[in-house]
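Working notes, structure below.
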Amino acid sequence: MQKYVLKKSVVNHNKTLDPEFGKDLNPSQREAVFFGKGPLLVIAGAGSGKTKTLVHRVAYLVNQGLDPKSILLLTFTRKASAEMTRRAIDLLDARCSNVSGGTFHSFANIILRRYGKLIGYPDNFIIMDRGDSEDLISMIRKEKGLAKTDKRFPKKGTIADILGKAVNRSSTIENTIIKECPQFLDYKDEICEIQKAYANRKKEMGLMDYDDLLVNLLELLKNKEEVRNKLNNYYQYILVDEYQDTNMIQAEIVKFLAGKDENVMVVGDDSQSIYSFRGANFKNIVDFPKIFPKATIVTLEENYRSAQPILDLTNAVIDGAREKYSKNLFTKRSGNIKPLYVETKDDNEQSQFICQKILDLREEGQTLNKIAVLFRSAWHSNDLEIQLKSADIPFVKYGGIKFVEAAHIKDVVAYLKIALNPADALGWQRVLNLWEGVGPKTASDIFELILQNRNNLTLLNLDKYKSKAFYPALKKLLAFIFINKSQSKPTKIVETALRLYKPYFEEKYDNFNKRKADIDSLITISERFKDLESFLSELALEPPDTTQIDSVAETEDEEKMTLSTIHSAKGLEWHTVFIISAVDGFLPSFQSLGDMEQIEEERRLLYVALTRAKENLFIIKPNMANKKASYMYPGMQFSKLTRFLDEKSLIDNYTEKLILVNDEEDEFSFDNALPEPNFGGRKYVF
DNA sequence: TATAGCCGATTTTTT
DNA sequence: ATCGGCTATA
């Protein structure tokens, strides 16, 4: 295990806070930033300078002479954490780079590597991603013969959902089934059985899923006093961002971390809670003063992001919400351009409109990285992506399928996992199944053999397989497993794994040349890590998104526009925002329609999307009645505007309607007949 | 008994 | 593109 040595940091004590520090904050922000000791709840509306306030708070605390490491800043993504640290450094000095921070999960990972032994985990445990969990569940389901009993037995993904929600909502399996999918209530005993087997197998194999990271951290804090005391002494101030998206387990973790001093500041906006499907509970905000009765509450209501007409619409949308902390955003920013609303005949026309508009904006001198297109589900942008490519407009897409979820990356990672932790049955299954003549049965036989002898390689008797074609491969694989992990750099291990994988890789995928680029990226990423364990943890906790992969591949950082799911757009802002597929059934998603709470969450989702825009906001509603989704779900029309904008005629009152006129000549020529790009214009004819 | 291969159905959001 | 189920084959 890597040893960390405390280095005396060279701190420039000459540089003190700018006398102007805090002058540009409004009174509420100032109250939060200069707050003394004790619990503090900051209710921060969209665009109200939430990040700015947190960053100033960090700088203020560090400048008070506090050891930066003793400040723990828990954020929703690692990106957010890095961004805040960077801004704090700008504001004060390099001391801020030592602030402790990360996501709840990455923090749990660090603590559990060190203290996990106390609750029976090896320090080389492997973090399972969602796919790994499903694979293990599927394996158990097959072993128990549950797959065959009845066609209607839930699929692995559904079971994973049920188990995960039960944990994250601190509820029972039975209640979760009743709430989520009552049609499977008959199988509650079987699902409980799977749950037990799943928990046992994970422990045997040294695996933790995302939920285990939180649950086990909480267990340490709750039941291991020495750990709790250590952490309480170490972390003097706890700051939590996006508190509305924490679940009950996380709230308890915060409670224990705060300790007796209760120096804990949480920041959140109940109107932006969009992760309840993951067990997040925005009532955590309401309950904060119950957990910390001494809590001070500060509300930030002034919006610095959006022009007034945009804000008028967003306020109106969230006004329809059933439950919320009452707050009303206002801005001093002028602006007379109303959000623009466009109806198109289908998604193809929607894409054409966007391409055209973006070319206009570029003409005007607007840079592409100030433009974003937002949507409910990753696949909603499929058509747009094709058209952007053919129009030669560069973009990056956030959300949807991730790099590490691709089959070929999972293959390579499986090699690495079994090298780090030979007890990992899932990794073995995946690797052994690559071989001709090996299916699930043979793979698990081989795995059993290895497991029994893994402490003494010389006892391993492989004679059984001597006649098989895969025998030499098996020999080579075992040699790979027992290489010295602590001495080899991750990149070396990846390269060794790739030598073993290559023949199967080229056999398995027709388009292996295209996939090769991903493999190269994996090598590049591995170079950042000093050991295999941290590399694999990072892949599970902060999977690289397409941007990082692209920037590895391309040296030039060309300007690109952003396509993003609304979830992934959280916390960001753009000059111009297009919200596409504002169709009832798309947003809200038809999957959410059965449940009032879920529909309310969809409303908040739209609210988050709308509040990303600073100056220009486009809302586009294609008619999707004749598209694929509609024959899959016969009851749905997919032709009406989203209910959240339809109610009380919000569209009529708060937006300007653009009329698209089909130019008869050839299919669609946009180049002629376009009026001067002018967002105040009444009509948009093409 | 185990595997390979084919076909058809399905696609919310994410640490 | 991927998953799960079915069938032919060794």
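Reminder, nothing fancy here: chain letters follow the sequence lines and each chain counts from 1.
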Rounded distance (Å) that lies between atom [atom2] of [N] and atom [atom1] of [X]:
X	N	atom1	atom2	value
A/K441	B/dA4	NZ	C1'	18 Å
A/K508	B/dA4	NZ	P	12 Å
A/Q591	B/dT10	CD	C1'	11 Å
A/R141	C/dC3	CZ	C1'	11 Å
A/K155	B/dA9	NZ	C1'	8 Å
A/F375	B/dT11	CZ	C1'	14 Å
A/L434	B/dT3	CG	P	14 Å
A/Y509	B/dG5	OH	P	15 Å

N/O to N/O distances under 3.5 Å, protein versus nucleotides 13-15 of chain B:
from, atom 1, to, atom 2, distance (Å)
B/dT13, OP1, A/A378, N, 2.9
B/dT13, O4', A/R376, NH1, 3.2
B/dT13, O2, A/R376, NH2, 3.1
B/dT13, O2, A/H567, NE2, 3.4
B/dT14, OP1, A/T565, OG1, 3.2
B/dT14, OP1, A/S568, OG, 2.9
B/dT15, O4', A/R278, NH1, 3.2
B/dT15, O3', A/H105, ND1, 3.4
B/dT15, O2, A/H105, NE2, 3.2

Remember a base hit wins even if backbone is also touched, and classify A/R515 as base, sugar-phosphate or nothing at under 4.0 Å, heavy atoms.
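Sugar-phosphate, backbone atoms only, no base.
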Select base, sugar-phosphate, or nothing to describe what A/T442 touches, counting heavy atoms under 4.0 Å on all strands.
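Here A/T442 touches the backbone only, sparing every base.
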Just to verify, which of A/D209, A/D135, A/D161 counts as forming a side chain to side chain donor-acceptor pair (under 3.5 Å) with A/R130?
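Exactly one option meets the side chain to side chain donor-acceptor pair (under 3.5 Å) with A/R130, and it is A/D161.
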Would you say the side-chain atoms of A/D245 pair up with the backbone N or O of A/I274, donor to acceptor, closer than 3.5 Å?
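Checking the backbone N and O of A/I274 against the side chain of A/D245, a donor-acceptor pair under 3.5 Å is found.
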Listed by chain and number, what are the side chain to side chain donor-acceptor pair (under 3.5 Å) partners of [X], not counting sequence neighbours?
X	answer
A/S133	A/Y198
A/H567	none
A/K621	none
A/D646	none

So which one's nearest nucleotide on DNA chain B is more toward 5', A/Q598 or A/P440?
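Between the two, 5'-proximity favours A/P440.
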Among pairs that include at least one residue of residues 433-451 of chain A, which meet side-chain hydrogen bond (donor to acceptor under 3.5 Å, both in side chains), considering only residues two or more places apart or in two chains?
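Passing the test, one end in residues 433-451 of chain A: A/Q429-A/N433, A/W435-A/Y504, A/K441-A/D445.
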